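A short worksheet on the structure shown next.
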Amino acid sequence: MDAISAAPAPLLHSTVLDWYEANARDLPWRTPEASPWAVMVSEFMLQQTPVKRVLPAYAAWLERWPAPADLAADAPGEAVRMWGRLGYPRRALRLHAAAVAITAHHGGRVPDDHAALLALPGVGEYTAAAVASFAFRQRHVVLDTNVRRVFARAVTGVEYPAQATTAAERRTATELLPASVETAATWAVGVMELGALVCTARSPECGACPLARHCAWRVAGRPPYQGPPRRGQSYEGTDRQVRGKLLAVLRDAHGTVPQASLDAVWPEPVQRARALDGLVADGLVEPVGPGVYRLPG
DNA sequence: TATCCGTGGAG
DNA sequence: TCTCCAAGGAT
């Protein structure tokens, strides 16, 4: 029973690569036909939204906007409407803005350069690495919640990673990233898939894990999480809930919406007004006159 | 860096 | 029922 840090890296690599080849889900953004744009759309949608709910939205989105220029030519409000109930609708706005930037500055093609990707709206450290890695097969450290959890357990021996990504985590991920460009991208998606399917947050299936022999957490007897309480996401009664209700009215209506329709979704006027102001400030809602609103045109 | 930003499903 | 959490990003 050696910890993962003591195991030869090539062994870990082949273990994960073999496991991935045999167990990878058949997801549309992983097919050879998936364009870089398709990969990028999937990454935006997958930010905090489960795969199962992304699948139908992803298909509808790409059917309507097969290329960045197609989306860029449409109104941002249409992106917000198509986003539907995926949650965090600012992502829809940012994806539209990214499409505009790609059309204006990159000839309508998703850039393959990591820095150029990172400069796009809605593209952060994870998404830039993911698109560069998965769409262009480059070698990058891809640190998402799945990878962080796998490394927390296998390498550090704790049940959950820290709240924010640490320098130590980046160091670990960098050291474990295969030197070979040919295998780095598959390693990245393989570790992610392992976290998504086996090394899950709630009930990890160590019996089915290819890394079980090397996992520091399992070797230590799967000690329970001891760190500070991981604050839950309260939702009931928050501005987020009100914003969601308001935006749902705008989405489902085509054209403009009168104030009265918005007032009906939440009884408390101060919070309601604050939520609506926030939506307008974010560019998700556009006032078109006194007491009249619509999705941004 | 802590907080804000939606929605729905699993246990 | 209720808590947790799901391929994060921006500020």
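Letters A, B, ... mirror the listed sequences (proteins, then strands); counts begin at 1. What you are looking at is a predicted structure, and each value in this text was computed from that prediction instead of being measured.
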Go through the N and O atoms of the side chain of A:T49 and the base of B:dG6, and report whether any donor-acceptor pair is under 3.5 Å. yes
Just to be sure I understand the rule, does [X] reach a base, reach only the sugar-phosphate, or reach nothing, if contact means heavy atoms closer than 4.0 Å?
{"X": "A:G124", "answer": "sugar-phosphate"}
{"X": "A:L86", "answer": "base"}
{"X": "A:F134", "answer": "nothing"}
{"X": "A:L27", "answer": "base"}
{"X": "A:W29", "answer": "base"}
{"X": "A:Y235", "answer": "base"}
{"X": "A:R251", "answer": "sugar-phosphate"}
{"X": "A:S203", "answer": "nothing"}

Find the distance [X]:[atom1] to [N]:[atom2] and express it as a whole number of Å.
{"X": "A:E125", "N": "C:dA10", "atom1": "CD", "atom2": "C1'", "result": "14 Å"}
{"X": "A:M40", "N": "C:dG8", "atom1": "CE", "atom2": "C1'", "result": "14 Å"}
{"X": "A:R148", "N": "C:dA7", "atom1": "CZ", "atom2": "P", "result": "13 Å"}
{"X": "A:M45", "N": "B:dG8", "atom1": "CE", "atom2": "P", "result": "15 Å"}
{"X": "A:L55", "N": "B:dG8", "atom1": "CG", "atom2": "P", "result": "16 Å"}
{"X": "A:L120", "N": "C:dA10", "atom1": "CG", "atom2": "P", "result": "10 Å"}
{"X": "A:K52", "N": "B:dT7", "atom1": "NZ", "atom2": "P", "result": "19 Å"}
{"X": "A:R91", "N": "C:dG8", "atom1": "CZ", "atom2": "P", "result": "9 Å"}

Would you compute the distance between atom [atom1] of [X] and atom [atom2] of [Y] and round it to the nearest 0.5 angstrom?
{"X": "A:R53", "Y": "A:R85", "atom1": "CZ", "atom2": "CZ", "answer": "9.0 Å"}
{"X": "A:F151", "Y": "A:L176", "atom1": "CZ", "atom2": "CG", "answer": "5.0 Å"}
{"X": "A:E78", "Y": "A:R64", "atom1": "CD", "atom2": "CZ", "answer": "4.5 Å"}

Can you tell which of [options] lies closest to the side chain of [X]?
{"X": "A:T145", "options": "C:dC5, B:dT7, C:dA7", "value": "C:dA7"}
{"X": "A:D144", "options": "B:dA10, C:dG9, C:dA7", "value": "C:dA7"}
{"X": "A:R202", "options": "B:dT7, C:dC5, B:dG6", "value": "C:dC5"}

Using the ring of each side chain (for Trp, its six-membered ring), is A:H140 parallel, tilted or perpendicular to A:H114, with breaks at 30° and 60°? parallel
Give me the distance, rounded to whole Å, that separates B:dG8 from C:dA10 when you measure between the P atoms they each carry. 24 Å
If you measure from the P atom in B:dC4 to the same atom in C:dA7, how many Å do you get, rounded? 23 Å
Are there any protein N/O atoms within less than 3.5 Å of an N/O atom in nucleotides 1-5 of chain B, and if so, which ones and at what distance?
residue : atom : partner : partner atom : Å
B:dC5   : O4'  : A:R90   : NH2          : 2.8
B:dC5   : O3'  : A:R243  : NH2          : 3.3
B:dC5   : O2   : A:R90   : NH2          : 3.4
B:dC5   : N3   : A:Y88   : OH           : 3.4

Hey, are the side chains of A:V131 and A:P36 touching, using non-hydrogen atoms and a 4.5 Å cut-off? no
Pairwise side-chain contact, A:L250 with A:L262, heavy-atom cut-off 4.5 Å (strictly under): yes
Which atom pair, heavy atoms only, marks the closest approach of A:Y20 to A:G190? CD1-CA, 3.6 Å
For A:E43 and A:T127 the tightest heavy-atom approach is CB-CG2, 4.0 Å
Using heavy atoms to find the nearest nucleotide of DNA chain C for A:R53 and A:V123 separately, return the residue whose nucleotide is more 5′. A:R53
